[in-house]
2 protein chains.
Amino acid sequence: MQLTKAEEQVMKYLWSLEKAYLKNILDEFPEPKPAATTIATLLKRIIDKGFIGYKQHGSNREYYPLVKKTDYFSLQMKSIIKDYFNNSAAQFASFFTTESDLSEKDLKELQKLISEQIKTKNKAK
Amino acid sequence: MQLTKAEEQVMKYLWSLEKAYLKNILDEFPEPKPAATTIATLLKRIIDKGFIGYKQHGSNREYYPLVKKTDYFSLQMKSIIKDYFNNSAAQFASFFTTESDLSEKDLKELQKLISEQIKTKNKAK
DNA sequence: AAATGTATTCTATATTTGTAGAATATAATT
DNA sequence: AATTATATTCTACAAATATAGAATACATTT
C-alpha cells in the first residue's frame, strides 16, 4: 500500500530521526506546526499500513521505520518506470542520463560505477 | 500543480493518442469503462490545471497535451530526487545503477550513452 | 496526592478526488 | 424536421484524505 502525502512527510522526518517520540516529530515541522493530534492520527494510519513500528515506554511510544527509505524509494521508482518507460529500467536509464544534465564529473563517476557493476556481473558467472 | 491518479490516466491515453476526442479516450479504457461524463469531468479538471488544450470543432473538442510526457516525467523525477536524494541527481544515478539490476547488455549500452554525453559536453566548451 | 506535561484514542469536519446522472446543445442522419 | 449520436456542463454524492477538538490516561514534578 502507498502512503499519502501527509503520511509521507511524517515518514521522512522519522527516517531522518531514525527513531522518535511524537514530540520529536512535531518539532521537525516548520511553523505553522500541525496539531499534535494530527500527527498522532497520521502515525496511527502509517502503523496500520505497516510502515512504522514502535516500542512502548510507559504511556509513550518510540516510533521507528519498518521500511527503509531506499526500499520505499525503490517502489516509487518501479511504479514510475512502469508508467513511463514501459517497465524497462534500461529505457529509463538512457532517458535519465541524457536528460538529467549531470556534470562531466558526475558522468565520469557514473561510468566508473557502471564498470564496477559490469565486473561484478562477470564475476558472478 | 500535480495531476491525480485518475487525471494521470487520462493524460497517458492522450499522450499516446497525441490528440483525441472524448470518444477516442473513452475507447482506450478497458472494460468496465467509466461513464463518458466521468472522462469529461476529468478533462475539464486537467484543462483547468493547464496540462491539456483543445481545438473546438463544431460542438466537439479535439484535445491535445500541452505538456510533453517527458517533461511531466521530469517533474516527477525532480520531486523524487529532491525528496530522497537531497537534490543530487548524481547521488540518485549512483543509487539507481547499483540497485536497478540492469543486464550487462543494458549496462554497456548505458556506458556508450554516457560516453557520448561526455563528448557532447566537451564539444560545448 | 494534586497539578502539569505529554501522548493516545475517539470522533468529527472540511477538502479533495473519483464517479456519474440529468439537462442541454450541436452535428449528422434519416 | 425529427431522430440519433456525441459531447459538454452542471450538479451531486461517495470515498479518501487532511486536520484537529474532546476525553482520557499515564508519568513526572511540585
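Just the heavy atoms: all of them, side chains too, but no hydrogens, waters or symmetry mates, feed the values below. Here is how names work: the chains are called A, B, and so on, in the same order as the sequence lines, proteins then strands, and each is numbered from 1.
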- Between the main-chain N or O of A/N122 and the side-chain N or O of B/E104, is there a donor-acceptor pair closer than 3.5 Å? no
- Message: Can you measure B/L26 atom CG to D/dT8 atom P for me and round it to whole angstrom units?
- Response: 12 Å
- Query: To the nearest Å, how far apart are B/M11 CE and C/dG18 C1'?
  - Reply: 18 Å
- Hey, would you say the B/F92 and B/Y84 ring centroids sit under 6.0 Å apart? no
- Note on the structure: Taken to the nearest whole Å, CD1/A/I52 to P/C/dT8 is 12 Å
- Message: Under the criterion side-chain contact (heavy atoms from CB on, under 4.5 Å), I'd like the reasoning laid out for B/K55 against B/H57: C-alpha separation, chi angles, the key distance, then a yes or no.
- Response: CA-CA 6 Å; B/K55 285 192 194 116; B/H57 285 147; 4.3 Å; yes
- Item | Output field: ring centroids B/F95/B/F85 closer than 6.0 Å | yes
- Message: With a cut-off of less than 4.0 Å, is there a side-chain N or O of A/R61 near OP1 or OP2 of C/dT9?
- Response: yes
- Message: From OH of B/Y21 over to P of C/dT26, roughly how many Å is that when rounded to an integer?
- Response: 17 Å
- Going by heavy atoms closer than 4.0 Å, what residues in residues 35-49 of chain A are next to DNA chain D? A/A35, A/T37, A/T38, A/T41, A/R45
- Query: Rounded to the nearest Å, what distance is computed from the CG atom of residue A/N60 to the P atom of nucleotide D/dT28?
  - Reply: 9 Å
- Distance-only side-chain donor-acceptor flag, B/D71 / B/S74, under 3.5 Å: no
- Is the phosphate of C/dT8, meaning OP1 or OP2, less than 4.0 Å from a side-chain N or O of A/Y63? yes
- Message: Around atom NZ of A/K78, are there more than 12 heavy atoms from other residues, nucleotides or ligands closer than 6.0 Å?
- Response: no
- Task: Using atom CD of A/E62 as one end and atom P of C/dT6 as the other, report the distance to the nearest whole Å.
- Result: 17 Å
- Query: Taking atom C1' of D/dT17 as reference, at what distance in whole Å does atom CD of B/Q2 sit?
  - Reply: 16 Å
- Query: A/K5 has an atom NZ; how far is it from atom C1' of D/dA18, in whole Å?
  - Reply: 14 Å
